[in-house]
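Since the structure comes first, as structure tokens, the remarks are kept for the end.
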Amino acid sequence: MLGGGGLVAANVYASATEDGGADPARTLSTPAGTIDCPDVGSELTDVPDGAREDVAKELALLDQQIAEAYQRLQESAQAIQQDAGFADSAIMNPLKDKRAATIERIAIAVDRVGDRPEGLDSLASCTLRAAENGTGEDGNGGDQEQGGDNQDGADQGNQQPGNGDQQGNGGQAGNGPVAADFVDIKSVQPNVAGAAQQKGASRGTFATSCGVNENGLFNSDNVIVAPGVSNGAHHFHDYIGNQSNDAFASDEDLANAETSCVDQGDKSTYYWPVIRLQNGSQEKDANSPGGGIEGNAGEIVTPKEVTLDFVGNPRSKVTEMPRLLRIITGDAKAFVNGTANANASWSCTGFEDRQLKDKYPLCPQGSDVVRTFKFQSCWDGQNIDSANHRTHVAFAAADGSCANGFKAIPQLVQRIVYDVDAPSLQDGGKTTPLFAVDSFPEQLHKPVTDHGDFINVFSEDLMSEMVDCINEGRKCGAGAGDGDEPGGEEPTEEPTQAPTTPPGGNDDPGNDEPEPGDGGDKPTDAPATEDPATDEPATQEPTEKPATEKPATEKPATDEPATEPAEEDGKPTLSSTVAPKADGTPTANENANGQGQGDDGAGSGSTPSQTQPAAGGDDSGAGSGTEPQAVGNGDLAETGTSLWPAAAGAVLLMAGFLLLMRTRRRAE
């Protein structure tokens with residue numbers, strides 16, 4: 001009886017505490033922490049032309065140094081537990097020395113052709129944020145400052161939404177996302193308002209259709225921010241349009257490239273961070289820079305639909321964009337930099353009058369996740385780029401006016417739709433996996449870090465046609481006039497998972513900055529050109545999503561062959577309305593080492609604040625769901641493979657009981 005009872009008790013205890021730890025490929029790790037460093041790029045707003053190439057390479061090197069330090073931090077978790085000073089001596093102090101040397105080279109490069117920038121050396125120190133932070137009001141409970149001064153970037157990072165909730169982190173790679181990053185879209189109040197059209201407004205819409213990256217063009221470079229630097233983004237991007245975009249692409253390469261756009265006069269490049277399901281899948285980049293090495297893990301999801309619309313200005317005509325104009329919208333480092341340049345916009349089909357800035361949406365059944373990027377629509381009239389990749393363009397004021405003599409240009413409105421289910425937060429994504437954008441390691445896959453990039457490679461004739469169409473109030477371009485408008489009939493079914501925290505107002509300090517020339521309007525008002533729903537061509541998805549397209553139930557992407565784009569006479573003929581199931585296997589231009597495109601982490605700083613919709617999410621979400629979690633459905637307790645000890649124990653217990661009863665009867 002004692003032996004049987006012991007077996008039963010042991011089995012019950014083992015089942016209760018089982019977390020699937022025997023399978024490292026499907027179990028989320030406990031992180032050693034994250035590293036926050038001040039953003040040097042945000043301070044470099046006036047770099048002479050002769051120094052820009054050298055400065056860009058050095059800025060990319062700073063990001064690489066952080067990524068390498070982060071990797072060492074993850075690998076040294078045990079040593080840090082045994083020796084509290086190990087992180088300082090072996091990781092943080094060497095990182096500070098490397099950053100100081102790199103920053104000095106930046107100063108020298110600028111000094112050769114202009115005035116030496118002042119105060120950069122104070123940005124060398126970084127902050128180690130322990131995984132168990134979040135004990136204080138600003139989430140600073142576990143921080144350890146390295147090198148003496150807690151610099152601006154680190155300070156801002158401590159004040160970001162959800163930072164105080166980041167206890168133990170989550171996600172497949174141990175650095176996010178967490179349950180508090182999600183909110184039920186149905187509990188968010190409508191927060192999108194369009195600017196009133198005035199006399200002289202340009203009311204037209206020009207659409208271009210460039211597919212959904214069904215051919216799997218990925219890399220972790222960024223030719224805008226880090227030209228000539230492999231893995232300059234430290235996270236992967238989807239690419240549509242131009243097929244030759246990598247870190248080494250020259251203007252001539254872009255101009256002579258193939259394009260996935262239906263109209264071959266559009267060779268522009270459009271790219272954004274991939275979304276991944278935290279389902280344990282091992283992509284080809286699992287052990288590569290930009291991928292798993294830097295905390296970007298899981299199955300890459302191919303968009304269901306992508307629409308690209310260029311819209312007008314509510315008070316004036318628009319002028320042509322200059323060829324090779326570069327625009328970055330959003331900030332890949334907004335979680336640390338602060339939200340001055342953040343421009344994330346998350347919602348669900350049927351609910352697009354409700355936009356989230358710092359939360360991922362939980363969409364009800366029959367509704368898809370939507371990411372929307374509304375790009376800057378005012379141009380300085382001279383430059384196709386600027387030192388910080390921001391000051392040559394700006395957002396219009398609430399009434400549509402462009403400040404500082406800037407000119408109104410067509411505004412790119414980029415809308416990306418995903419057929420992904422609302423994750424199961426109560427079990428940390430075991431039943432239905434969490435999803436998140438790729439990010440820098442220290443950004444913790446926060447939704448506020450979402451961003452998009454665009455380089456204009458329209459032919460002169462097609463750009464002229466676009467401007468005429470918009471100024472004349474017509475709908476033109478590939479796919480214009482087909483389908484339904486965004487925000488159609490609201491799905492009636494409830495979300496598959498209730499949120500852990502109710503949404504509230506966004507109290508983010510970065511959202512209260514007035515737009516130049518707008519009289520202090522807050523970003524709860526939409527940008528001047530922000531109501532494309534009435535003009536948007538109908539490459540819109542239906543409000544019901546097919547039951548057969550649930551990413552959560554797919555086989556891992558690595559088991560499916562890549563879907564190549566159809567070609568006719570050597571030209572791709574891609575549709576932006578229907579996507580194949582996510583192949584998700586990064587090709588990195590078939591580069592086995594996983595190097596590719598993408599960092600849009602140009603800093604915040606001197607650029608005007610954006611009149612974007614305020615988030616409907618609550619910045620003070622509870623930290624529940626932030627503990628390390630298993631992501632598979634096959635751990636020992638769930639599958640029942642460990643029930644035999646309990647069964648054997650029960651038999652022994654019953655046999656012992658019967659033997660005891662018979663012995664007592666004989667004794668009587």
Side-chain angles (χ1 to χ4, degrees), residues 33-73 85 87-129 140 143-160 222 225-229 232 234 331-338 340-341 386-391 440-443 599 601-607:
T34 55
I35 298 170
D36 291 348
C37 298
D39 187 25
V40 178
S42 64
E43 304 300 320
L44 299 172
T45 57
D46 188 20
V47 177
D49 291 342
R52 285 188 181 179
E53 183 176 354
D54 290 338
V55 169
K57 290 181 179 180
E58 298 297 345
L59 289 174
L61 180 58
L62 289 174
D63 289 330
Q64 180 179 338
Q65 290 164 355
I66 296 173
E68 291 171 349
Y70 182 83
Q71 184 178 355
R72 288 194 296 273
L73 184 68
D88 286 352
S89 60
I91 299 174
M92 299 306 296
N93 289 336
L95 174 61
K96 178 185 175 183
D97 293 341
K98 290 180 181 179
R99 282 175 58 84
T102 304
I103 290 171
E104 176 63 18
R105 289 195 296 271
I106 290 174
I108 292 172
V110 175
D111 190 40
R112 288 196 190 105
V113 292
D115 296 331
R116 183 183 178 93
E118 300 296 332
L120 293 184
D121 17 344
S122 65
L123 305 179
S125 301
C126 298
T127 298
L128 173 60
R129 187 182 307 285
N140 203 21
D143 288 353
Q144 300 176 34
E145 186 184 342
Q146 307 301 322
D149 297 323
N150 193 2
Q151 303 300 338
D152 293 342
D155 282 334
Q156 292 172 353
N158 295 340
Q159 299 167 4
Q160 293 313 304
N222 193 320
V225 175
V229 179
H234 302 275
D331 186 357
K333 300 177 182 176
F335 185 60
V336 172
N337 285 347
N341 288 311
S386 50
N388 65 354
H389 313 293
R390 297 189 183 276
T391 51
F440 287 91
E442 72 278 7
Q443 303 300 317
D599 161 39
S604 60
S606 63
T607 57

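Note on Asp49 versus Arg52: salt bridge recorded, some NZ/NE/NH1/NH2 to OD/OE distance being below 4.0 Å.
Residue Gly114 comes nearest to Pro48 through the heavy atom pair CA-CG, 4.2 Å, listed as atom of the first residue, atom of the second, then distance. Residue Gly41 comes nearest to Asn388 through the heavy atom pair O-CB, 4.1 Å, listed as atom of the first residue, atom of the second, then distance. When every heavy atom of Ala109 is checked against every heavy atom of Asp54, the shortest pair comes out as CB-CB, 4.1 Å. Residues Gly50 and Val113 share a closest heavy-atom pair of C-CG2, 4.3 Å.
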Where do Asp63 and Val225 land on the side chain to side chain contact (heavy atoms under 4.5 Å, CB included) test, with the steps shown first? CA-CA 11 Å; Asp63 289 330; Val225 175; 5.7 Å; no

Could you go through the side chain to side chain contact (heavy atoms under 4.5 Å, CB included) check for Thr127 and Glu442 one step at a time? CA-CA 10 Å; Thr127 298; Glu442 72 278 7; over 6 Å; no

Show the numbers, then the answer: is there a side chain to side chain contact (heavy atoms under 4.5 Å, CB included) between Asp39 and Val336? CA-CA 8 Å; Asp39 187 25; Val336 172; over 6 Å; no

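The OG atom of Ser125 lies 13.0 Å from the CG atom of Asp36; values are rounded to the nearest 0.5 Å. Rounded to the nearest 0.5 angstrom, Leu120 CG and Ile103 CD1 are separated by 6.5 Å. Atom-to-atom distance recorded for Leu128:CG and Cys37:SG is 10.0 Å, nearest 0.5 angstrom.
Listed by chain and number, the residues in a salt bridge (charged side-chain N to carboxylate O under 4.0 Å, His left out) with Asp115 amount to none (sequence neighbours excluded). Scanning for side-chain hydrogen bond (donor to acceptor under 3.5 Å, both in side chains) contacts around Glu58 gives Arg105, with sequence neighbours left out. Glu53 is linked by a side-chain hydrogen bond (donor to acceptor under 3.5 Å, both in side chains) to nothing, counting only residues two or more places apart in sequence or in another chain. Partners of Ala90 under the side-chain contact (heavy atoms from CB on, under 4.5 Å) rule, at least two apart in sequence or in another chain, are Phe86. Applying the side-chain contact (heavy atoms from CB on, under 4.5 Å) test to Gln65 and every residue at least two apart in sequence or in another chain returns Leu61, Leu62, Leu95, Lys98, Arg99, Thr102. Every residue two or more places apart in sequence or in another chain that forms a side-chain contact (heavy atoms from CB on, under 4.5 Å) with Arg116 is listed here: Glu104, Ala107, Ile108, Asp111.
The side-chain heavy atoms of Lys96 and Met92, taken from C-beta on, include no pair separated by under 4.5 Å. Proximity of Val229 to Leu59: side-chain heavy atoms (C-beta onward) are nowhere separated by under 4.5 Å. The shortest side-chain heavy-atom distance between Gln443 and Asp331 does not fall under the 4.5 Å cut-off.
No side-chain donor-acceptor contact under 3.5 Å links Thr391 to the backbone of Ser386.
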